[in-house]
Structure formats: C-alpha cells, structure tokens
Amino acid sequence: MAGRDIPEEYLDGYARILAEASATGRRLTRDELDSRRTLGERAAEAGYGLRALVGAHLATARAHWPATASESTLAAVEQAVDAFAEGYERAQLLAVRQEEAARREFIDDLLHGRSDLGLLAERAERFGLRLSHAHAVAVAQGQAAYDEGDAVSREVERALIGRFGDRSILVTTKDGRLVCIAPGDQEDVLTFFAKQAYAATDGGRVALGRSQPGPGGVVQSYEEALNARDLADRLGFDTPVLRAADLLVYPVLTRDRQAMADLVVSALGPLRMARGGAEPLLDTLTAYFDSGCVAAEAARRLSLSVRALTYRLDRIHKLTGANPADPVHRYTLQTAVIGARLLDWPENDL
C-alpha cells in the first residue's frame with residue numbers, strides 16, 4: 001500500500017521491481033532507476049513531502065516483502081529509494097532556481113521601475129509586499145560586494161526575522177549592496193537593519209530613503225537612498241547612517257546648477273590666487289563651518305594651531321572680501337563651500 005496520503009502512482013512498478021530483484025538477485029536496470037527518478041520529480045512538483053514518500057516506499061516494501069527476501073532485496077529497496085530521492089531533490093533544486101530567478105527579476109523591475117506598476121503590484125504580493133501601501137528603502141554598502149543568499153545577507157535577514165517576524169520585510173541585494181524594503185510606517189525596521197548591516201559589513205555606510213506611497217514608492221525611496229550616499233561621498237560626510245530626509249537641502253541648492261556655479265566662482269574664485277591654490281583654504285572653510293565656526297575645533301580637525309587657522313581665515317577675508325566670522329558673510333561663504341563640494345571645484349572648472 002502506498003500509505004494514507006501518497007497516491008499509488010508515485011510507487012508504480014515498485015513492488016514488481018522488488019519481487020524480481022529478490023528472485024534473481026539482480027540490481028535495478030538503468031531504465032528502472034530512471035523511472036524512479038522521474039516519479040520522484042513528479043512527486044516533488046505535486047508538493048508531497050519527501051519524508052512521507054520514503055515512508056510509503058518502506059510500507060510498500062513491508063507489504064510486498066518476498067518470502068525469499070535476501071540482501072539483494074534490501075539493496076533493491078536502497079537503490080529504488082535513492083533514485084526516487086535523487087529525482088525529488090533535482091526537481092526541488094530546479095524549483096528553487098526558478099524561484100530565485102523570478103525573485104531576482106522582480107527585484108530588478110521593482111528597483112528600476114521598469115515594469116507596468118499594476119503587474120508589478122500583483123507580483124509583489126508573492127514576495128510579501130503590498131505596493132498599494134507606503135514603503136521605505138535602506139541601502140547598505142561595505143568594502144565587499146554582496147550577492148543574494150551569501151553569508152552577510154543571510155545574517156542580516158535572520159536578525160530582522162528574529163526581531164520582527166513577518167512584517168512584510170524584504171531583504172535582498174542590488175549591485176553589490178544590501179537592500180531592505182519595509183512598510184513606510186515601520187521606521188524601527190530600517191533602523192534595526194542599519195545597525196545589523198553596519199556590523200555585518202564591518203562598518204559599511206547605510207542610507208535610508210524616505211517613506212513613499214504607492215506602487216512607485218519603492219523605487220523613489222531606493223533612489224533617494226542612493227542619492228543620499230552620493231551626496232555624502234561628495235560632501236565628505238563620515239556619518240555611518242544617512243537619512244535622505246536630513247539631506248533635502250542639498251538637492252535644492254544644486255537644482256539650478258548654473259546659479260550655484262556662478263556663486264562658487266564669484267565667492268571662492270579669488271582663493272585660486274593663494275599660494276598653494278584654493279584647495280587648502282577651501283578645506284579650512286569646510287572644517288570651520290563643519291565645526292560650528294569654533295576655531296579651536298576646526299584647528300584640531302586640520303591638525304593646525306589656532307594661530308595658523310586664524311591666519312588662514314584672515315587670508316580668506318583678504319582674498320574674497322568676505323569674513324567667515326561675520327554672520328552677514330558667513331551664509332554666502334558656507335553655501336558657496338557646499339556648492340564647491342557638490343560640483344567638485346576647484347578640480348573641475350565651472
């Protein structure tokens with residue numbers, strides 16, 4: 001008997017094979033082994049569990065155990081079950097690979113916004129996402145490139161599932177980066193992801209996009225996170241966690257690129273006349289503004305004495321006509337310094 005839950009079709013010819021093997025002492029033929037593998041593949045595709053299938057094989061062997069059974073009968077059982085399991089595992093591996101390919105295609109379409117949004121929303125439910133809701137995306141990048149299913153991504157995913165369970169969270173990779181997609185009203189998920197990713201990538205930087213609504217919200221938040229990373233790199237930020245919401249002023253400043261370029265050249269262009277060029281004095285202004293205009297802290301960051309820093313600030317005042325310590329001039333100079341960093345001046349002519 002095949003057992004209570006396993007149809008007879010998946011043990012077709014099995015009893016006959018045992019009887020012949022017991023009578024002749026022969027091993028299974030190539031055709032018989034292939035037939036067992038094929039049945040194993042079909043059983044896997046039908047969704048039956050391997051444990052129940054093996055149990056059905058053993059129950060059938062017990063029910064049809066020949067009176068003249070010998071070691072050859074046991075060998076036939078072993079061969080038949082092994083071939084059946086091989087076919088079963090082969091079908092499962094193929095299914096896993098097809099699922100991985102479908103998941104990879106979905107993620108690529110989701111993060112590039114290339115697919116029809118209606119169809120994308122339907123596909124998303126298969127992976128636990130409801131694109132009609134708002135979502136936010138975090139992106140982590142370390143020294144190495146990360147692939148789907150490698151040790152780092154599995155470690156981070158396990159930590160998230162262990163902490164939050166099933167909260168419609170998707171952890172994946174894209175272009176060597178770790179990516180986490182979470183419901184937009186669950187900021188604690190992305191914050192925890194940032195902490196885990198920072199540790200797993202040995203101090204890699206994490207950028208968080210804002211929560212965005214609708215089917216196109218994921219790609220918008222993803223692009224915000226990537227842009228936040230790019231801005232931070234150009235501005236020299238060393239913060240381990242970047243939030244796009246905290247950097248909104250910078251895209252605004254560069255929306256009119258020509259106006260920003262004119263400001264940089266007008267306000268900072270005279271620094272080119274300094275001995276050593278504009279770069280050292282631009283670094284001085286950057287450190288001065290980043291330290292809250294505290295001379296002692298700026299000097300420490302530049303490994304200078306306060307006297308040397310003060311000399312540089314005086315030199316900037318003489319060359320540009322703007323005093324960094326004067327609140328009236330400070331805003332113009334600081335905005336020009338931000339523009340210079342975003343536009344990569346003075347390396348690039350504007």
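No experiment lies behind these values; they were computed from the predicted model shown.
Other residues, nucleotides and ligands contribute only 12 or fewer heavy atoms inside 6.0 Å of the CZ atom of Arg27. Summarising the local packing, CZ of Arg257 is surrounded by 12 or fewer heavy atoms from other residues, nucleotides or ligands at distances under 6.0 Å. Enclosure of atom CD in Glu78 is not indicated, since only 12 or fewer non-hydrogen atoms of other residues, nucleotides or ligands lie within 6.0 angstrom. Within 6.0 Å of OH on Tyr198 lie no more than 12 heavy atoms contributed by other residues, nucleotides or ligands. Sparse packing is recorded around CZ of Arg130, with 12 or fewer heavy atoms of other residues, nucleotides or ligands lying under 6.0 Å away.
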Decide side-chain hydrogen bond (donor to acceptor under 3.5 Å, both in side chains) for Arg205 and Gln141; before the verdict, give the C-alpha distance in whole Å, the side-chain angles of both, and the deciding distance to 0.1 Å. CA-CA 6 Å; Arg205 179 176 287 178; Gln141 184 167 1; over 6 Å; no

Is there a side chain to side chain contact (heavy atoms under 4.5 Å, CB included) between Ile181 and Leu111 once you walk through the steps? CA-CA 10 Å; Ile181 303 169; Leu111 297 182; 4.3 Å; yes

Side chain to side chain contact (heavy atoms under 4.5 Å, CB included) for Arg229 and Asp233? Distances and angles first, verdict last. CA-CA 6 Å; Arg229 276 197 51 85; Asp233 289 341; 3.9 Å; yes

Run the side chain to side chain contact (heavy atoms under 4.5 Å, CB included) check on Val206 and Val139 step by step: do they pass? CA-CA 6 Å; Val206 185; Val139 177; over 6 Å; no

Would Asp344 and Arg234 count as a side chain to side chain contact (heavy atoms under 4.5 Å, CB included) if you check the C-alpha gap in whole Å, the side-chain angles of each, and the deciding distance to 0.1 Å? CA-CA 8 Å; Asp344 199 20; Arg234 285 190 282 161; over 6 Å; no

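One finds the CG atom of Asp230 at 9.0 Å from the CG atom of Leu235 (value rounded to the nearest 0.5 Å). Between the CD1 atom of Ile107 and the CG atom of Leu170 there is a distance of 5.0 Å, given to the nearest 0.5 Å. Rounded to the nearest 0.5 angstrom, Leu333 CG and Tyr288 OH are separated by 10.5 Å. To the nearest 0.5 angstrom, Asp12 atom CG is 8.0 Å from Ser35 atom OG. Taking OG1 of Thr73 as the start and CH2 of Trp65 as the end, the distance is 5.0 Å to the nearest 0.5 Å. Interatomic distance, CG of Leu309 versus OG of Ser303, reported as 11.5 Å (0.5 Å rounding).
Across all non-hydrogen atoms, the minimal contact from Ala44 to Gln92 is CB-CG, 4.3 Å. The shortest heavy-atom contact between Ser266 and Pro270 is O-CD, 3.9 Å. Across all their heavy atoms, Ala274 and Leu319 have their closest contact at CB-CD1, 3.8 Å. The two residues Ala267 and Thr320 come nearest to each other via the heavy atoms O-CG2, 3.4 Å. What you find for Phe192 and Ala159 is that their closest heavy atoms are CE2-O, 3.5 Å.
Ion pairing between a basic and an acidic side chain is recognised when a charged N comes within 4.0 Å of a carboxylate O; Asp82 and Arg36 show no such pairing. Arg158 and Glu155 are not joined by a salt bridge, as no carboxylate oxygen comes within less than 4.0 angstrom of a charged side-chain nitrogen. Checked for salt-bridge contact, Asp314 and Lys318 miss the test: no charged N lies under 4.0 Å from a carboxylate O. Glu41 has no carboxylate O lying under 4.0 Å from a charged side-chain N of Arg37, or vice versa, which leaves the two without a salt bridge. Contact check on Arg154 versus Asp147 returns no salt bridge, with no Lys/Arg side-chain nitrogen under 4.0 Å from an Asp/Glu carboxylate oxygen.
Under a hydrophobic-cluster definition in which Ile, Leu, Val, Met, Phe, Trp and Tyr are linked whenever side-chain heavy atoms come within less than 4.5 Å, directly or via other members, Tyr311 and Ile316 are assigned to different clusters. No single ILVMFWY cluster, assembled from side-chain heavy atoms under 4.5 Å apart, contains both Val328 and Tyr331.
A donor-acceptor pair shorter than 3.5 Å cannot be found between the side chains of Asp188 and Thr191. A donor-acceptor contact under 3.5 angstrom links the side chains of Gln258 and Asp262, judged on distance only. Neither side chain, Gln79 nor Glu32, offers a donor N or O lying under 3.5 Å from an acceptor on the other. For the residue pair Glu148 and Ser153, no side-chain donor N or O sits within less than 3.5 Å of a side-chain acceptor on the partner.
A cation-pi arrangement is absent between Arg123 and Phe106, since the terminal nitrogen or guanidinium carbon is not both under 6.0 Å from the aromatic centre and inside a 45° cone about the axis.
Applying the ring pair (Phe, Tyr, Trp, His ring centres under 6.0 Å) criterion to Phe84, with sequence neighbours excluded, gives His57. Among residues two or more places apart in sequence or in another chain, the ring pair (Phe, Tyr, Trp, His ring centres under 6.0 Å) test is passed with Tyr146 by none.
Using a 4.5 Å heavy-atom cutoff, the side chains of Glu279 and Pro346 are in contact. Under the 4.5 Å side-chain criterion, counting only non-hydrogen atoms from C-beta, His64 is in contact with Thr60. Contact check for Ser211 versus Asp185: no side-chain heavy atoms found under the 4.5 Å cut-off.
The side chain to side chain contact (heavy atoms under 4.5 Å, CB included) with Leu110 is formed by just one residue from the set Val179, Val137, Val218, Val219; it is Val218.
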